[in-house]
Amino acid sequence: MSTYDLHEGTVTTILIRGARILGGTPSDILLRDGVVADIGDLAGVRADQAVDADGLIALPGLVDLHTHLREPGREDAETVETGTQAAARGGYTAVHAMANTSPVADTAGVVEQVWRLGQEYGHCDVQPVGAVTSGLGGSQLAELGAMADSAARVRVFSDDGKCVSDAVLMRRALEYVKAFDGVVAQHAQEPRLTEGAQLNEGEVSARLGLIGWPAVAEEAIIARDCLLAAHVGSRLHVCHVSTAGSVEIIRWAKSKGWDVTAEVTPHHLLLTDSCAERSPLGPYNPIYKVNPPLRTAEDVRALREALADGTIDCVATDHAPHPVEDKETEWAAAAMGMIGLETALSVVQEAMVETGLLDWAGVADRMSARPAAIGRLAGHGRPVEPGSPGNLTLFDPSVRQPVDPAAMASKSRNTPYEGLTLPGRVVATFLRGRPTVLEGKLV
Ligand SMILES: [Zn+2]
């Protein structure tokens, strides 16, 4: 039996009163010994603690397929502890920690180190992602089998930040991961077409005189990788899809029955490359510099529709913390990336729910069930029903508040939403029946 101290005393049961599961009619949820024990009108049930969820929506704990926790190596930007605090505050109960750490997570030893850090300091589950190539060097396969067999049980492999551009290596990686039901998550970026690229290639890059990052550099790799995955009968996941053309290619691959999945980031669902010219935070603000870059309004429309119709399977944050000195510099010198764990659900409400494109059941599917399934994460992404693990998020969709970077748990402050008013607020998060967040605060 699991027990823990909550303020004082020992709590093993929590009664959540009046939560709207997936936005439905209010009902009570009893968490006992780490699982959802009962759902319904539980007015007569005694529990060690009650949580008033009047007006709150209950979702299964969110799962991120794409988080940069930065530890080991860049603890000045984020640590496993602060990154998972940010995740819990954002409603997440599991994150996949990307491999581009220092040292790179390309051996059983390093992925086990990250996994142990997660066990020790995590405010949510931490599932390490293994590198595809040694040192992200793009020339030699990493120890994929050893990472899969390690205590970390790696199933997702990615050189994210870099593209596995060598077609032979990509083919070998796709073949190799079949042995343990793994998936290669590709950062699709043709390197020669994006040398020196600063932002989306288009009217804005032309006006600003910055080197453009053309859509075709993403689309060409996605098309190639879909064909390779089909050729060897393996599983491909496309990271942070950013263009309308990419959506068309993925739609075509899925129509063939190929095992291809894809993610979109919250920022690509809300922001466009025009932010580089004019935005609440001023022109040329490198807070908007990200890879792949923010695209056009037409791309945003296509991405939203693709997430709604399931062509894009899930939302993944690409939470990319950077210290101030790496972001508050001139555009060309600034690091690429933005944080996103603590704002993801609000951005999805703004871009998808308030536009009528997804209901809350759809949000649960795209932010919990599908990412958990793609990452083969047992114990996450399950429906909110008796017998499921007690992984839950309670969310208040009725509030609107300005985004305040200073109030965030992340060690970094590089959010593009500063000052923007977004809907919704995560009120509580439960990991296996234990609160990690209550009243919007870390427990
Ligand atoms: Zn990436």
Side-chain angles (χ1 to χ4, degrees), residues 64-70 73-74 77-78 83 95-102 104-106 127-133 135-138 142 156-166 169-170 173 183-191 193-195 197-200 213-222 224-225 236-243 246-247 249-250 260-269 271 273 286 288-295 299 303 312-322 326-327 334-341 344 371 374-375 412 414 416:
D64 196 16
L65 269 176
H66 194 144
T67 308
H68 295 279
L69 290 177
R70 302 296 190 217
R74 285 307 300 269
E78 197 79 284
V95 298
H96 287 74
M98 273 298 173
N100 62 340
T101 48
S102 180
V104 171
D106 58 359
Q127 176 58 54
V129 172
V132 176
T133 68
L136 309 179
V156 181
F157 296 87
S158 182
D159 274 5
D160 182 63
K162 293 190 174 165
C163 180
V164 182
S165 61
D166 182 318
L169 262 185
M170 186 62 183
V183 62
V184 180
Q186 175 73 293
H187 170 116
Q189 175 179 8
E190 209 294 316
L193 287 170
T194 50
E195 278 174 17
Q198 295 292 326
L199 79 172
N200 178 49
W213 197 131
V216 66
E218 174 174 308
E219 293 154 8
I221 292 291
I222 294 176
R224 181 202 76 177
D225 287 352
L236 170 73
H237 178 72
V238 184
C239 294
H240 41 52
V241 172
S242 72
T243 79
S246 297
V247 166
I249 294 162
I250 293 161
V260 174
T261 57
E263 70 190 31
V264 62
T265 71
H267 48 271
H268 288 109
L269 289 171
L271 306 175
D273 61 352
Y288 301 110
K289 186 174 174 184
V290 65
N291 191 15
L294 301 173
R295 303 289 188 181
D299 294 306
L303 294 168
I312 292 178
D313 299 79
C314 63
V315 175
T317 66
D318 196 4
H319 177 83
H322 290 291
D326 291 353
K327 280 305 265 189
M336 290 190 267
M338 32 183 74
I339 57 173
L341 285 167
I374 292 165
S412 291
N414 53 307

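Start at 1 and go down the list; that is how both ligands and their atoms are numbered. Numbers for residues simply follow the sequence, beginning at 1. Any value given below was found using the heavy atoms of this structure, including those in side chains, with hydrogens, waters and symmetry copies removed.
For the pair D159 and V132, the tightest heavy-atom approach, listed with the atom from each and the gap, is OD1-N, 2.8 Å.
Side-chain atoms of Y288 and L294, non-hydrogen and from C-beta on, do get closer than 4.5 Å to each other.
Exactly one residue among L69, T265, L341 makes a side-chain contact (heavy atoms from CB on, under 4.5 Å) with H319. That residue is L341.
Under 3.5 Å, the side chains of Q186 and H237 contain no donor-acceptor pair of N or O atoms.
Annotation: ring-ring contact (aromatic ring centres under 6.0 Å, His included) contacts of H322 (sequence neighbours excluded): none.
With a cut-off of 2.8 Å, the protein N/O/S atoms near the Zn ion (ligand 1) add up to 3.
Ion pair E218/R295 flagged as a salt bridge, since at least one NZ, NE, NH1 or NH2 atom sits closer than 4.0 Å to an Asp/Glu carboxylate oxygen.
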